[in-house]
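Every value quoted in this text rests on a predicted model; they were computed, and no experiment measured them. Chain naming here is simple, since letters A, B, ... match the order of the sequence lines and numbering starts at 1 in each.
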2 protein chains.
Amino acid sequence: MRAGAPRRALRPTAKALPEHARAHNRSLVLAHLFHEGASSRADIARSTSLTRVTVSGLVADLMAEGLVEELGIRAEGKVGKPATFVAMRTESFQVVAVDLADDTRMQGAVVSLVGEVVSRREAPLDGVTGDAAVDLLETLCRQLLADAQHPVLGVGIASPGVIDTDGRVVAAPNLGWSDLPLSALFERRLGVPVHVANDANTRALGEFTYGTASGSGAIVVTVGQGVGSGVVVDGALVSGRHNAAGEIGHVTVVDDETAGETPYPCACGRRGCLETVLSVPALRRRIAGLDPQDSDAALASVGRLLGISLAPVVSTLDLEEVLLSGPPELLDGPLLEAALTTIRARTMPVIGHELTMRMGSLDEDGVLAGAAVLVLSGQLGVT
Amino acid sequence: MRAGAPRRALRPTAKALPEHARAHNRSLVLAHLFHEGASSRADIARSTSLTRVTVSGLVADLMAEGLVEELGIRAEGKVGKPATFVAMRTESFQVVAVDLADDTRMQGAVVSLVGEVVSRREAPLDGVTGDAAVDLLETLCRQLLADAQHPVLGVGIASPGVIDTDGRVVAAPNLGWSDLPLSALFERRLGVPVHVANDANTRALGEFTYGTASGSGAIVVTVGQGVGSGVVVDGALVSGRHNAAGEIGHVTVVDDETAGETPYPCACGRRGCLETVLSVPALRRRIAGLDPQDSDAALASVGRLLGISLAPVVSTLDLEEVLLSGPPELLDGPLLEAALTTIRARTMPVIGHELTMRMGSLDEDGVLAGAAVLVLSGQLGVT
DNA sequence: TCACGTTTGTTAGTAGAACTTCCTTATTAA
DNA sequence: TTAATAAGGAAGTTCTACTAACAAACGTGA
């Protein structure tokens, strides 16, 4: 006879209007063209299960906005009236992408809509923080906006630290930022849409859009100065209560009882964090001066620690893929293999056995590509 | 200059039609009435940000279907025309809920729309499995359908094992079921809508709807014969690649190097799974014959193992709450405290410090309440 | 060669949804 | 009694996508 008054809705939802449906279907058409390339209106209709009439209307709108163009008649000879190709004008728009993950310099680029870097710029940080860093970033963005040869859809900024969904930097210690409404501020200053997200999440977005990561459930672990990750669950990036989802670098993996390891102090003030063994500096320290065999064993021991901490995550979320991103000479070998072996050994066969774990397919520009996706997703609804 | 052809969309989306908007808004109205109780049409309009006209139309539809009724004039004296209360007719409909988590018997109940058990029935399993278990379940459901004093919206079944989103039992070893389309089968046989889900996920649904769990990010760990969990991330239950999300019971937490512990064999064929220390039988074994102090220490040691395995999950998903469900005399005390302490010690302060961990607020009928939510959510879109 | 079927894309008309505007009703406050 | 306030409904507008029908352009096969 136990009962309880119903408390609250699981997911606070917003009202739905007809024009929302229109916007949704518009994104559907755009996403098809983005992912599948040039297609006929009838192709789009089949793929989206909208009618040809509706697709024609949406395509007409998109052509009027200059986002889509007709390419001419399909060559292949099949029966029936030949199809007219339409395609997204990916070459006629660009995106400005900035990567703030590096401690020493800001990396920026003009990026095409398919994630190709067209031109780049750097701004050495020289230890500036706070407002000075904001100004430096603004200058870099202005230069990149001037560099672009085509209209810029927006600016995408990947920053370390905690960023909320409105593009406000809640905390980015390296840059001395806290509670900084970066997105709103730069939209005012630059006059173009600005999207900001955490660097590891941004890289994950890049992997999902341009790389080979699958959308059902995956985690992309980024290994650099620190260790971060982006998590996709049921097709969407996880943000978390404090927008701190993916912060796996400061999970304790080494304590006094861990065989063969010593818990080293971490920048966060605690000891034995994953970052103290898996970050690039930590890995380099660990293998410095070792001969290849000992080095491999040392890397494998870190892989095992990574596997131990990932196993509960993989199992709880029933993930499909684990991707590693960072220097291949450190990660792609004994470390990755040991991590995968460890995860498989520590999870149910049905989950661990079908798990794939590998290096991400994007290189150091993956974050820039992801920043482009931020804009694409925010402005056009394309993911 | 690295690039990649865009591969696939992150989230495969379906077309949007105006009538979908209607259904969505209809659920919005229903959900408001469900969670807030009797309200005027104008109240609903304010809460949903729909117009009064639209709300009036939707309420008229719902009244024609008998789901909603007018209650009369609001008593409180404010200026303006007095409001007419409308309310969901929660007492005029019922749900049949069945809990298959127990190895020895099927537990069923007629449940009101607010999660109250109206009447119950049990069916001893006596070791039957496979088709015989299906027949037993059908008989139980028919009896419960006959027991109901009001029209039944549907049947909600919580089963152990892996259940896909269509209500197909992929694998439920205890019941000898595999690849059984339970939902479709019973809809044909019983003639009412049938919804099936994993028992741990169902309990999580119950906690979120009738209990005190918050929707942003939480995990509900159910401790019974085995150990399972349901995970809510960004307001939605996680299903996972194999629909096996939440299967935390078979994560390895004890290996040969774990101080003070011995890895015991598990039913899954491996050793040292969480289930070998945290399940109710394992806990009872562990504290059997110990005096209170030793018993507390033994429970705390299990709590510590739970905390170690949950810490990476809490940190990666930036969860807000961890709920434990099961016998309070085992869980609510040293075990829970040790687990929370361990999680806090092993995660970033910002994540761990604000984490709350406590017992779920629903008792042994939580699964039945969750099964009612399955129907409510599936039939009315109310969560 | 030529009628026929097929496919594409468009035009016209229909149905559904939610909005704004205006009105009636009912109550309190001055 | 009058003005202000609020609830609820009626009428008409706008937006959306659908079905039905059609013209254009092309292969196929007699």
Side-chain angles (χ1 to χ4, degrees), chain A residues 13-30 32-33 36 38-65 68-87 381, chain B residues 13-30 32-33 36 38-65 68-87 381:
Chain A
T13 34
K15 68 173 172 181
L17 268 59
E19 58 246 51
H20 297 158
R22 182 74 168 182
H24 178 90
N25 291 338
R26 183 191 129 107
S27 290
L28 232 51
V29 169
L30 224 34
H32 173 94
L33 290 175
E36 306 298 327
S39 325
S40 74
R41 293 170 175 83
D43 290 336
I44 300 171
R46 277 184 291 268
S47 153
T48 57
S49 78
L50 294 162
T51 61
R52 293 199 305 274
V53 182
T54 304
V55 170
S56 283
L58 289 164
V59 166
D61 286 0
L62 292 167
M63 278 175 32
E65 292 175 55
V68 158
E69 63 187 342
E70 286 196 339
L71 290 185
I73 304 296
R74 170 183 271 149
E76 307 116 60
K78 287 192 297 187
V79 298
K81 174 175 172 178
T84 317
F85 272 122
V86 295
Chain B
T13 33
K15 67 173 172 181
L17 267 58
E19 58 248 48
H20 297 159
R22 181 75 168 180
H24 178 91
N25 291 338
R26 182 190 130 106
S27 291
L28 231 51
V29 170
L30 225 33
H32 173 94
L33 290 175
E36 307 297 327
S39 324
S40 73
R41 294 170 175 83
D43 290 337
I44 301 171
R46 277 185 289 268
S47 154
T48 58
S49 78
L50 294 162
T51 61
R52 294 198 306 271
V53 179
T54 303
V55 171
S56 283
L58 289 165
V59 167
D61 286 1
L62 292 167
M63 277 173 37
E65 292 175 54
V68 159
E69 63 187 342
E70 287 196 338
L71 290 186
I73 303 295
R74 170 183 271 148
E76 306 115 62
K78 287 191 296 187
V79 297
K81 174 176 172 179
T84 317
F85 272 122
V86 295

Is there a side-chain contact between A:Arg26 and A:Glu65 (heavy atoms, below 4.5 Å)? yes

Assuming nearest nucleotide by heavy-atom distance, tell me which of A:Ala16 and A:Pro82 is located more 5' along DNA chain C. A:Pro82

Of A:Glu70 and B:His20, the one whose closest nucleotide on DNA chain C sits nearer the 5' end is A:Glu70

Go through residues 48-59 of chain B and report each residue with a non-hydrogen atom lying under 4.0 Å from DNA chain D, sorted by number. B:Arg52, B:Val53, B:Ser56

Which part of the nucleic acid, if any, lies within reach of B:Arg46 when heavy atoms closer than 4.0 Å are counted: base, sugar-phosphate only, or nothing? sugar-phosphate

Considering all heavy atoms of both residues, which atom of [X] and which atom of [Y] are nearest to each other, and what is their separation?
X	Y	result
B:His24	A:Lys15	CD2-C, 4.2 Å
B:Ser40	B:Ala83	CB-CB, 3.3 Å
A:Ser39	A:Ile44	CB-CG1, 4.2 Å
A:Ser27	A:Gly381	OG-CA, 3.7 Å

Looking only at side chains, do A:Thr48 and A:His32 share a donor and an acceptor under 3.5 Å apart? no

For nucleotides 3-6 of chain C, list the nitrogen or oxygen atoms of the protein found under 3.5 Å from its nitrogen or oxygen atoms, one pair per line.
| residue | atom | partner | partner atom | Å |
| --- | --- | --- | --- | --- |
| C:dT6 | O2 | A:Gly80 | N | 3.4 |

Any chance you could measure B:Asn25, atom CG, to B:Leu30, atom CG, to the nearest 0.5 Å? 12.0 Å

Mapping B:Ala83 and A:Glu19 onto DNA chain D by nearest heavy atom, which one lands closer to the 5' end? B:Ala83

So, OP1 or OP2 of C:dA17: does either fall under 4.0 Å of a side-chain N or O from B:Asn25? no

So does B:Thr84 get a side-chain nitrogen or oxygen closer than 4.0 Å to the phosphate oxygens (OP1/OP2) of D:dA7? no

Measure from the side-chain heavy atoms of A:Leu17 and tell me the nearest of C:dT8, C:dC19, C:dA17. C:dC19

Just how far, in rounded Å, is [atom2] of [N] from [atom1] of [X]?
X	N	atom1	atom2	value
B:Ile73	D:dA6	CD1	P	17 Å
A:Arg22	C:dC19	CZ	C1'	18 Å
A:His24	D:dC15	NE2	C1'	17 Å

Sequence neighbours left out, cut at 3.5 Å: what donor-acceptor pairs do the side chains of residues 54-61 of chain A make with other protein atoms?
| residue | atom | partner | partner atom | Å |
| --- | --- | --- | --- | --- |
| A:Thr54 | OG1 | A:Thr51 | OG1 | 2.9 |
| A:Ser56 | OG | A:Arg52 | O | 3.2 |
| A:Asp61 | OD2 | A:Arg22 | NH2 | 3.0 |

Checking side-chain contact (heavy atoms from CB on, under 4.5 Å) between A:Val29 and each of A:Val86, A:Val68, A:Leu62, which is the one that passes? A:Leu62

